[in-house]
2 protein chains.
Amino acid sequence: MEKRATIKDVAEAAGVGVATVSRVLSGGSASPSTRERVLAVAAQLDYRPSALGRNLRQRRTGGMGLLVPDLTDTFYGQLAEGVLACARSAGEPVVLGSTGDDPEQEADLIGMLLEQSVDRLIAVPSGDAETWSPAIRAGMTVIFADRLPAQSPADDPAASALTDLMLMDGLAAAPPSRPQSQAQPRPLDVPSVLADDRAGIRTAVRYLRGLGHRRIAFLGGPGQQRRVAAFREAVGAPVDEELVVFGTGSRDSAYAAASGLFQSRPDLSAVVAGGNVLGEAAVLAARELDLRVPKDVSLVMYDDVPWAELCSPPLTVIAQPGRDMGYRAAELVLRSGGRRPRSVVLPTELIIRGSCGPHR
Amino acid sequence: MEKRATIKDVAEAAGVGVATVSRVLSGGSASPSTRERVLAVAAQLDYRPSALGRNLRQRRTGGMGLLVPDLTDTFYGQLAEGVLACARSAGEPVVLGSTGDDPEQEADLIGMLLEQSVDRLIAVPSGDAETWSPAIRAGMTVIFADRLPAQSPADDPAASALTDLMLMDGLAAAPPSRPQSQAQPRPLDVPSVLADDRAGIRTAVRYLRGLGHRRIAFLGGPGQQRRVAAFREAVGAPVDEELVVFGTGSRDSAYAAASGLFQSRPDLSAVVAGGNVLGEAAVLAARELDLRVPKDVSLVMYDDVPWAELCSPPLTVIAQPGRDMGYRAAELVLRSGGRRPRSVVLPTELIIRGSCGPHR
DNA sequence: TTGAAAGCGCTAACAA
DNA sequence: TTGTTAGCGCTTTCAA
C-alpha cells in the first residue's frame with residue numbers, strides 16, 4: 001500500500017506551482033511547454049487528483065444520487081442501468097439508495113445524501129412534498145423518474161382530478177388558478193422523466209375493449225396515481241370502484257390484492273396490472289384460483305421484462321423504456337448547470353403477445 | 001436554499017471551541033453540562049456535520065463501493081438490496097457501479113472509486129488479478145461476492161484443477177506448495193462471500209441422475225469457473241465437452257449458446273443453467289425449437305427468482321441467498337477495522353418444481 | 001475537560 | 001502565463 005501522489009508532489013517534481021498543475025489538469029490556460037511538462041510528471045508519478053480535496057473546496061460532491069424503491073423489481077434495475085451507463089461515460093460516481101417505497105427510509109436517505117453534499121439526485125419518489133422539501137430547500141437539483149410524489153391527501157376530489165390529469169401529462173403541476181390553501185404544501189416544481197402513462201393505459205384499455213371486455217380491473221401499486229387516473233379516464237364514468245385495487249409494493253401484498261380481486265369479483269374478465277411485480281402477482285393468483293389466462297381472464301401488464309415472454313402464455317405488456325428513462329434523467333441532471341432542466345415524457349408501446357383473448 | 005451551519009457556527013453559539021463540538025458529536029469525553037449545551041445548540045441550528053470535511057481530514061470516504069455485472073439480472077438486484085439494507089442501517093453511503101461483465105469497465109470503475117478515496121469495496125469481479133491489483137495495492141478492503149476473479153489463463157491444467165477445487169470451497173487460494181512461477185501473478189488473497197456452488201451443483205446433478213438422465217449439459221456464463229468445475233466433478237470423468245457451453249453475459253449470447261447447444265446435441269436430456277439469465281435463455285431456446293420441458297428436456301436453473309414460479313412448468317432451481325450474500329458482505333466490509341475479514345460460504349438449496357422429469 | 005492550531009488536497013482569487 | 005495564498009469543514013495532536 002503506497003502513498004498516493006498529491007498535487008504538491010507533482011508541482012515540486014515539475015518545478016511549478018500547485019495552481020499551475022491544477023490549471024493544466026482541468027484544462028485551463030498554460031504554455032504548451034509547461035503543460036507538457038506537468039502532464040509528463042503527472043503520468044510519471046501516476047498522479048490522480050483526489051476528489052476529496054476538490055469536493056471540500058467546491059463544497060459539493062460530484063456525481064449524483066439515485067433513489068429507487070426496490071432493485072429486485074426488474075424495471076428499477078433497468079432504470080438504474082440507464083443512470084449508471086450515463087454516469088459511467090461521464091466518469092461520475094453514483095450514490096445509490098433503496099427506499100422500499102417507504103417515505104421514512106426515503107427521508108433518511110435524503111438526509112444521508114445531504115450530509116454527503118450530493119447536490120444532484122434522481123429519484124423514484126415514495127414520499128410526498130413534505131418528504132422532499134428538505135432536499136429542495138437545500139438547493140439540490142432533483143429529477144423525478146417514473147413517477148411524481150403523491151399529492152397531499154387533503155386535496156379536494158375535484159381539484160385532485162384536475163391535478164391528476166395534469167400529472168398524467170408529466171406537467172410539473174404548477175397550482176391551478178384557484179385560491180391556495182395555506183395548510184397544504186403546494187406541489188413541488190421539480191422536473192421529471194416519465195413514461196406516457198396516459199397513452200399507455202388508454203391503448204391497453206381500448207385493446208381490451210376491442211376484445212369485448214367490459215369488466216376490466218386495475219391492479220395498482222404505490223405511487224401509481226397517474227396510472228389509476230389514466231385508467232379511470234380510459235374506462236370512463238361510472239368507474240366500478242371494486243375493480244380498482246392496490247398492493248403496497250411488496251410481493252406478498254401484491255399477491256393478496258390480486259387474489260382478493262379475483263375472488264371478490266369473479267365476473268371480471270380482464271385486468272391491467274400497473275407494474276411487473278403486480279403482473280407477477282396476478283399470474284400467480286390466477287393460477288392458484290384455477291383461472292386460465294387468457295381463457296378465463298385476460299391480462300395486460302405494465303413493464304416489458306424479459307420473463308414476460310417466458311410465461312405461458314407470454315404476457316401482453318405495456319412497454320416503457322426503463323433504461324432510456326434512467327439515461328435521460330442522468331443526462332438532464334448532469335447537464336443542468338444549476339439551471340432547472342425541463343421535463344421529458346417517453347413513449348410507451350403495447351406489445352401484444354398471448355395473455356389477452358376475446359371476452360367469452 | 002439556506003446555508004448549512006458548520007461546526008464553527010455551533011461552537012460559537014455554544015461558547016466552546018470547535019474541538020469540543022467535534023468531540024461531543026463523535027462521542028468523545030466532555031463534561032455533562034458542556035455536552036448538553038453543545039447538543040442543544042446543534043439541534044437548534046439543525047447542524048449536520050459535513051462528510052466533506054471529515055473525509056478530507058481522514059483521507060478516506062466513508063461507506064463502500066459496490067460493483068456488479070448487471071442490475072437487470074435479478075440475482076444481482078437481490079444482492080444489491082442486501083448490501084443497501086446493511087449500509088442503510090449503518091447510515092453509510094454506497095457508491096454503485098455496473099461493469100457489464102467487462103474487465104475494462106471494471107478497471108475504470110475501480111479507478112473512479114480510488115479517485116473518490118472509497119476504501120471499502122464489495123465486488124462481483126469480472127476481471128482477473130491484474131484488474132484488481134490497483135485496488136489491492138491502494139489498500140482497499142475488498143470483498144468478492146458471488147464469484148472470484150478468473151485465474152490467469154496461463155495456469156497449467158493440473159494446477160488449475162487443484163486451484164478450482166480450492167476455489168470451489170471458497171478458500172482464498174493461497175498458492176499451493178509448489179514453486180511459484182514469476183510470470184503469472186499469484187492469486188489474490190481477498191476474502192469473499194460465496195454460495196456453496198459445489199454442493200448446489202452436485203445436488204442438482206445427482207437429482208437429474210436419479211431421474212435417469214445421462215447426457216446432462218451445462219450452460220454457463222462469465223465468471224462461472226467454480227460452477228463448471230463443480231459440474232465436471234459431479235458428472236465425473238470423462239466429461240463430454242460438447243455439453244459444456246458458455247454465453248458471454250448478454251441475453252443474446254446466452255440465447256445463442258442455449259440454442260446452439262440444443263441444436264448440436266439433440267441427444268442431451270437435461271441441462272443445468274448456471275444463472276437465471278442463462279435459464280431464461282434455455283427456456284426460450286427450447287420453446288423456439290419445440291422442445292418441451294420437462295418432457296423433451298429437463299432444466300435446472302441456478303438462482304431462485306420470482307419468475308421461476310411463473311414459468312410453465314415452474315422451474316426447478318438451485319436457490320442461493322442473494323440478499324443474504326449482499327448483507328453479509330456489507331457487514332464484513334463495514335466491521336473490518338482494517339483487519340482482513342474472513343470468508344463466508346452460504347448454503348444453496350435445490351427447490352424442486354416442475355421442470356425436471358424422468359429420462360424418456 | 002477544554003481550546004488553539006495545524007493541516008487533509010484542492011481550487012480560485014489575486015498579484016506579479 | 002504563472003506563483004502565492006487563503007480557505008473549504010472537519011479531526012486530532014498538543015498544551016493548558
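When reading the values below, keep in mind they use all heavy atoms of this one structure, side chains included, and skip hydrogens, waters and symmetry mates. Every chain is numbered from 1 and lettered A, B, ... according to where its sequence line falls, protein lines coming before strand lines.
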Checking side chain to side chain contact (heavy atoms under 4.5 Å, CB included) for the pair A/S50/B/E115: CA distance, chi angles, key distance, verdict?
-> CA-CA 5 Å; A/S50 158; B/E115 192 165 319; over 6 Å; no

In this structure, how many angstroms lie between the [atom2] atom of [N] and the [atom1] atom of [X], rounded?
X: A/R57; N: C/dC8; atom1: CZ; atom2: C1'; value: 15 Å
X: A/Q58; N: C/dG9; atom1: CD; atom2: P; value: 17 Å
X: B/L56; N: C/dA6; atom1: CG; atom2: P; value: 17 Å
X: A/R4; N: C/dC8; atom1: CZ; atom2: C1'; value: 12 Å
X: B/R54; N: C/dG7; atom1: CZ; atom2: C1'; value: 17 Å

What are the residues of residues 13-23 of chain B, sorted by number, that bring a heavy atom to within less than 4.0 Å of DNA chain D?
-> B/A19, B/S22

Do any of residues 30-39 of chain A sit with a heavy atom less than 4.0 Å from DNA chain D, and if so which?
-> A/A30, A/S31, A/T34

Considering the options A/M64, A/M140, A/R120, which one meets the side chain to side chain contact (heavy atoms under 4.5 Å, CB included) requirement together with A/L113?
->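 With A/L113 as partner, A/M64, A/M140, A/R120 yield a single side chain to side chain contact (heavy atoms under 4.5 Å, CB included), made by A/M140.
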
Got a salt bridge between B/R59 and B/D119, using NZ or NE/NH1/NH2 to carboxylate O under 4.0 Å?
->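 Looking at B/D119 together with B/R59, the answer is no, because their closest N to O distance does not fall below 4.0 Å.
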
Between A/R340 and A/D189, is there a side-chain N and carboxylate O pair less than 4.0 Å apart?
->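 The answer is yes: the pair qualifies as a salt bridge.
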
Atom [atom1] of [X] and atom [atom2] of [Y]: how far apart are they, to the nearest 0.5 Å?
X: A/L194; Y: A/M325; atom1: CG; atom2: CE; result: 6.5 Å
X: A/R57; Y: A/N55; atom1: CZ; atom2: CG; result: 13.0 Å
X: B/I110; Y: B/L121; atom1: CD1; atom2: CG; result: 7.0 Å

Quick one: do A/L346 and A/V193 satisfy side chain to side chain contact (heavy atoms under 4.5 Å, CB included)? Show the steps, please.
-> CA-CA 7 Å; A/L346 298 176; A/V193 177; 4.2 Å; yes

For A/S89, all residues meeting side-chain hydrogen bond (donor to acceptor under 3.5 Å, both in side chains), sequence neighbours excluded |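 Residues passing side-chain hydrogen bond (donor to acceptor under 3.5 Å, both in side chains) with A/S89: none at all.
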
Show me the donor-acceptor pairs, under 3.5 Å and distance only, between side chains in residues 80-87 of chain A and residues at least two apart or in other chains.
residue: A/E81; atom: OE1; partner: B/S98; partner atom: OG; Å: 3.2
residue: A/E81; atom: OE2; partner: B/L71; partner atom: N; Å: 2.7
residue: A/E81; atom: OE2; partner: B/S98; partner atom: OG; Å: 2.7

For DNA chain D, note the earliest and the latest nucleotide, 5' to 3', having some atom under 4.0 Å of a heavy atom belonging to chain B.
-> D/dG9 to D/dT12

Could you give the angle between the helix axes at the two ends of the helix from C/dT1-D/dA16 to C/dA16-D/dT1, with five pairs per end, rounded to 10 degrees?
-> 40°

What does B/L52 touch in the nucleic acid at a heavy-atom separation under 4.0 angstrom: a base, only the sugar-phosphate, or nothing?
->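 Answer is nothing: B/L52 stays at 4.0 Å or more from every strand.
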
Are B/D101 and B/R147 close enough, and set up right, to give a salt bridge (Lys or Arg N to Asp or Glu O under 4.0 Å), and what steps lead you there?
-> CA-CA 12 Å; B/D101 258 317; B/R147 60 199 205 200; 2.4 Å; yes

Got more than 12 heavy atoms from elsewhere within 6.0 Å of CZ, B/R328?
->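 Atom CZ in B/R328 is not packed in, count stays at 12 or less.
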
A/V124 vs A/F144 side-chain heavy atoms within contact, under 4.5 Å |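 Not touching, per the 4.5 Å side-chain cut-off.
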
